**Student:** 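The structure that follows is given in the form of structure tokens.
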Amino acid sequence: MNKLLILPLVIVFFSACAVSNDKTQVKGLGLTYQANIKQDDNGHYVAEVEAAPGAGRKGGAESYAIKNATDFCAKQNKSLKVIKNETASHLWINGVAKVTFQCN
């Protein structure tokens, strides 16, 4: 197969995000891809972040997701209550965090 055809496919594959990329930021020495906070079917809110290794990978994604959730609740003059906190890897490189929460 022609190398010119393979390169775009590799770029697309490795640039795909595990979360909806509503906002991209440089954190530390890497990028974070952050989804807007959404409400799930149970009425809880969900914050999702994917972080490159230079942005802290799983730990970085988790802390940025919790910060986004905390800021979201603070705008309502409420405090954060985490319901569920999940982390994973995307393409064995980036860390992904999904925080389900309530504002009390």
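If you read the sequence from its start, that first residue is 1, and numbering goes on from there. Worth saying up front: this structure is predicted, and the values here are computed from it rather than measured.
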**Student:** Is there a side-chain contact between V49 and V96 in this structure, where contact means two heavy atoms from C-beta onward sitting under 4.5 Å apart?
**Tutor:** no
**Student:** If I compare all heavy atoms of P53 with all of N94, which pair ends up nearest, and what's the gap?
**Tutor:** CD-OD1, 3.5 Å
**Student:** Rounded to the nearest 0.5 Å, how far does OH of Y33 lie from CG of N21?
**Tutor:** 7.0 Å
**Student:** Would you say that V99 contacts V82 through its side chain, given a criterion of any heavy-atom pair below 4.5 Å between the two side chains?
**Tutor:** yes
**Student:** Answer yes or no: is there an ion pair linking D71 with K75, defined by an N-O contact shorter than 4.0 Å?
**Tutor:** no
**Student:** Rounded to the nearest 0.5 Å, what separates atom CG in N42 from atom NZ in K84?
**Tutor:** 9.0 Å
**Student:** Answer yes if F72 and Y64 sit in the same cluster of Ile, Leu, Val, Met, Phe, Trp and Tyr residues linked by side chain heavy atoms under 4.5 Å apart, and no otherwise.
**Tutor:** no
**Student:** Could you walk me through whether K78 and N104 satisfy the side chain to side chain contact (heavy atoms under 4.5 Å, CB included) test, starting with their C-alpha distance in whole Å, then the side-chain angles of each, then the deciding distance to 0.1 Å, before giving a yes or no?
**Tutor:** CA-CA 5 Å; K78 296 182 178 180; N104 295 326; 5.7 Å; no
**Student:** Roughly how far, to the nearest 0.5 Å, is the CZ atom of F101 from the CG atom of N85?
**Tutor:** 11.5 Å
**Student:** Locate the shortest heavy-atom distance separating A65 from A47; write the atom from each residue and the value.
**Tutor:** O-CB, 3.6 Å
**Student:** If you measure from OG1 on T100 to NE2 on H44, what distance do you get to the nearest 0.5 Å?
**Tutor:** 8.0 Å
**Student:** Pair K98, D40 - check salt bridge (Lys or Arg N to Asp or Glu O under 4.0 Å), show working.
**Tutor:** CA-CA 12 Å; K98 178 180 177 182; D40 68 12; over 6 Å; no
**Student:** In the structure I gave you, are the side-chain heavy atoms of I66 and L80 within less than 4.5 Å of one another anywhere?
**Tutor:** yes
**Student:** Looking at SG of C103 and CD1 of I37, how far apart are the two atoms once the value is rounded to the nearest 0.5 Å?
**Tutor:** 7.5 Å
**Student:** Shared ILVMFWY cluster between V26 and V19, side chains joined below 4.5 angstrom?
**Tutor:** yes
**Student:** Quick check on K38: does its NZ atom have over 12 non-hydrogen neighbours (other residues, nucleotides or ligands) under 6.0 Å away?
**Tutor:** yes
**Student:** Locate the shortest heavy-atom distance separating L31 from T24; write the atom from each residue and the value.
**Tutor:** CD2-CG2, 4.1 Å
**Student:** Roughly how far, to the nearest 0.5 Å, is CD of E48 from CG of D22?
**Tutor:** 9.5 Å
**Student:** Yes or no on side chain to side chain contact (heavy atoms under 4.5 Å, CB included) for Q39 and V46, after CA distance, side-chain angles and deciding distance?
**Tutor:** CA-CA 6 Å; Q39 199 164 19; V46 179; over 6 Å; no
**Student:** Let me see the working for Q34 and Q25 under side-chain hydrogen bond (donor to acceptor under 3.5 Å, both in side chains), right down to the final yes or no.
**Tutor:** CA-CA 8 Å; Q34 304 176 33; Q25 289 185 310; 2.9 Å; yes
**Student:** Does K27 have more than 12 heavy atoms from other residues, nucleotides or ligands lying within 6.0 Å of its NZ?
**Tutor:** yes
**Student:** Please name the residue in the list H90, R57, K58 that meets the side-chain hydrogen bond (donor to acceptor under 3.5 Å, both in side chains) test with E50.
**Tutor:** H90
**Student:** Looking at A61 and A51, what are the two nearest heavy atoms and their distance?
**Tutor:** N-CB, 3.7 Å
